[in-house]
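As the structure is a computational prediction, the values presented were derived from the model and not from experiment. Each ligand, and each atom within it, is numbered from 1 in the order the structure gives.
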Amino acid sequence: MDTKRALTGKIALVTGAGRGIGRGIAERLARDGALVGVHYGKSEAAALEVVAEIRERGGRAFPVGAELGVPGDADAVFEAFDAGVREQAAAGAEGGGSLDILVNNAGVSGSGPIGQADPDVFDRMIAVNAKAPFFLVQGALPRMRDGGRVINISSLASRHAFPESVAYAMSKGALDTMTLCLAKGLAGRGITVNTVGPGFIETDMNARRRATPEARAALAARSVFDRIGRPSDVADVVAFLASDDSRWLTGQYLDASGGTDL
Ligand code: NAP
């Protein structure tokens, strides 16, 4: 089989896909043949660039703009998503569905240690990192074809002690628990639900943590491969989960941290 086209005929929605890890995921799923909804919150120009680049390479994509972590966020995402799918001739809504793969990638970090915790920041972590993915799955289900995929981007922080950002870690722990519950709940429809937990990946999210060569080297040294991860390192794992090859895998947390802190 030509693995580059493993997702031909599939429709994906990747949240937070204008930059960082989400961008890498959107590009990879499009390369594998999926029509990709490139969701963004604030980064409209970046998301339009991702869509344009995917199209230039012969792939198919459309933008989906909606802020997460605010009332009505999931409805707004699917309003934009449905409009985008309608505009794509090849989307066709075969089998009565319009979505095969939901990647809950968008997230915020930076909550700080408990001594500096702020209730508003805590609420925002939960709203963006846990509540929004929950209601995005709820909104996705009526649209999702049987045999679909839900892939949640968590973090090493939910499995390793991360006191420097405890509310962030807690929000990712909630996401991991959602994966477990939904894996069993959705199995009857052949929908798999899995988590990918990145370690340190070179994106805007941790730019401050690698501001000096020494800090950068220290971050790289956390991985047994002695380098900071790239978005494509995570995207390739997501591509496997999105494909039919992962059909016997559900309810799992896949560590994509390059062996961090083994
Ligand atoms: P990033 O570069 O900071 O990008 C964050 C993405 O999330 C952006 O696309 C952003 O979209 C979107 N987003 C954030 N808040 C949003 C909101 N309120 N509404 C809509 N979209 C929102 O981060 P990243 O490193 O790519 O992280 C992606 C995921 O991986 C996150 O869930 C993060 O927790 C997880 N992760 C990252 C690392 C790492 O080292 N980088 C490690 C472990 C886990 P806009 O810019 O359009 O608003």
### Task
Any pair with a residue in residues 117-165 that passes ring-ring contact (aromatic ring centres under 6.0 Å, His included), sequence neighbours left out, goes on the list, sorted by first then second residue, please.
none

### Message
Strictly by ring-ring contact (aromatic ring centres under 6.0 Å, His included), give each pair with a member in residues 22-70 just once, sequence neighbours left out.
### Response
F62-F81

### Message
Looking at D261 and R222, is there a salt bridge between them, counting it only when a charged N and a carboxylate O are closer than 4.0 Å?
### Response
yes

### Task
Name all residues meeting the side chain to side chain contact (heavy atoms under 4.5 Å, CB included) criterion together with E79; count only those two or more places apart in sequence or in a different chain, and write none if there are none.
none

### Message
Give the residues near ligand 1 by chain and number, with the criterion being a heavy-atom distance under 4.0 Å.
### Response
G16, R19, G20, I21, H39, Y40, G41, K42, S43, A66, E67, L68, N105, A106, G107, V108, R124, V128, I153, S154, S155, Y168, K172, P198, G199, F200, I201, T203, D204, M205, N206

### Query
Between the main-chain N or O of K172 and the side-chain N or O of N129, is there a donor-acceptor pair closer than 3.5 Å?
no

### Task
Could you tell me whether a side-chain N or O of S154 sits under 3.5 Å from a main-chain N or O of D176, the two making a donor and an acceptor?
no

